[in-house]
Amino acid sequence: MSTGTLFHFSFAVSDLGRARAFYGGMLGCAEGRKLPGRADFNFFGHHIVAHLAPEEVVGDNGRKLSGDKTPLRHFGVVVQLGDFEKIAASLAKGMADFINQPAVRQKGTVREQMLMTVRDGCGNAIEFKGLHNVADVYNGG
């Protein structure tokens, strides 16, 4: 795989102002080009585009992950533990709507991680995972 790759994700939001407040304000993601009906962000080094399409937002109406409150349809980022703690503090300070508060998951395994899930205020669930070694997200069962 080329080291010059960039992940791109396009998704629906119910309100562009709230998207800018969450991704740009609360998370500190730089906003890119500005076009009508959308907002581009640098989401931890990746390109995401929030499209104004309230009728396309699934939100909490869809299935949930087995044994969890997190909607099946969610996206997020895997970061080092130190970055996770900074993100968690920023979300708490911004009074984010937590689906799952920060907590240790898979304790005692190679994939032991901190995990939290929040609503972006636009109908989407965003998950954050913090690991000592980000690549461990692929290891274990």
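Residues take their numbers from the sequence shown, with the count starting at 1. What you see is a predicted model; the values in this text were computed from it and never measured.
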The remaining residues in the hydrophobic cluster of Leu72, counting side-chain heavy-atom contacts under 4.5 Å among Ile, Leu, Val, Met, Phe, Trp and Tyr, are Leu65
Remaining members of the apolar cluster that contains Leu6, side-chain heavy atoms under 4.5 Å: none
Side chain to side chain, Met114 and Val104, heavy atoms closer than 4.5 Å: yes
Does the side chain of Val13 reach to within under 4.5 Å of the side chain of Glu56, using non-hydrogen atoms? no
Measure the spacing between [atom1] of [X] and [atom2] of [Y] and express it to the nearest 0.5 Å.
X: Lys107; Y: Glu112; atom1: NZ; atom2: CD; answer: 4.5 Å
X: Ser14; Y: Glu55; atom1: OG; atom2: CD; answer: 10.5 Å
X: Asp136; Y: Lys129; atom1: CG; atom2: NZ; answer: 12.0 Å
X: Met116; Y: Ile126; atom1: CE; atom2: CD1; answer: 11.5 Å
X: Asn139; Y: Asn133; atom1: CG; atom2: CG; answer: 8.0 Å

Can you give me the closest heavy-atom contact between [X] and [Y], atom names plus distance?
X: Phe41; Y: Ala50; result: CE1-CB, 4.5 Å
X: Pro71; Y: Ala125; result: CD-CB, 3.7 Å
X: Lys64; Y: Lys69; result: CD-O, 3.5 Å

Kindly list each side-chain donor-acceptor pair under 3.5 angstrom involving residues 81-88, sequence neighbours excluded, with atom names and distances?
none

Does the side-chain contact (heavy atoms from CB on, under 4.5 Å) test come out yes or no for Arg111 and Arg105, once each step is laid out? CA-CA 8 Å; Arg111 287 186 47 154; Arg105 299 281 180 101; over 6 Å; no
Would you please test Asn124 and Arg119 for side-chain contact (heavy atoms from CB on, under 4.5 Å) and show each step? CA-CA 6 Å; Asn124 299 291; Arg119 292 178 183 88; over 6 Å; no
Contact list for residues 17-26, test salt bridge (charged side-chain N to carboxylate O under 4.0 Å, His left out), sequence neighbours left out: Asp15-Arg18, Arg20-Glu31
Got a sec: does the NE2 of His132 have more than 12 other heavy atoms crowding it under 6.0 Å? no
Are [X] and [Y] grouped together when hydrophobic residues (ILVMFWY) are joined by side-chain heavy atoms under 4.5 angstrom apart?
X: Phe22; Y: Leu16; result: yes
X: Phe43; Y: Met26; result: yes
X: Val77; Y: Phe98; result: yes
X: Leu27; Y: Val78; result: no
X: Leu91; Y: Ile99; result: no

Tell me whether the rings of Phe128 and Phe44 are parallel (<30°), tilted (30 to 60°) or perpendicular (>60°). perpendicular
Stepwise, does the side-chain hydrogen bond (donor to acceptor under 3.5 Å, both in side chains) test hold for Asp40 with His47? CA-CA 7 Å; Asp40 292 45; His47 179 223; 2.9 Å; yes
Among all residues two or more places apart in sequence or in another chain, which pass the side-chain hydrogen bond (donor to acceptor under 3.5 Å, both in side chains) test with Asn100? Asp68, Thr70, Thr117
All ring pair (Phe, Tyr, Trp, His ring centres under 6.0 Å) counterparts of Phe9, not counting sequence neighbours: Phe11, Phe75
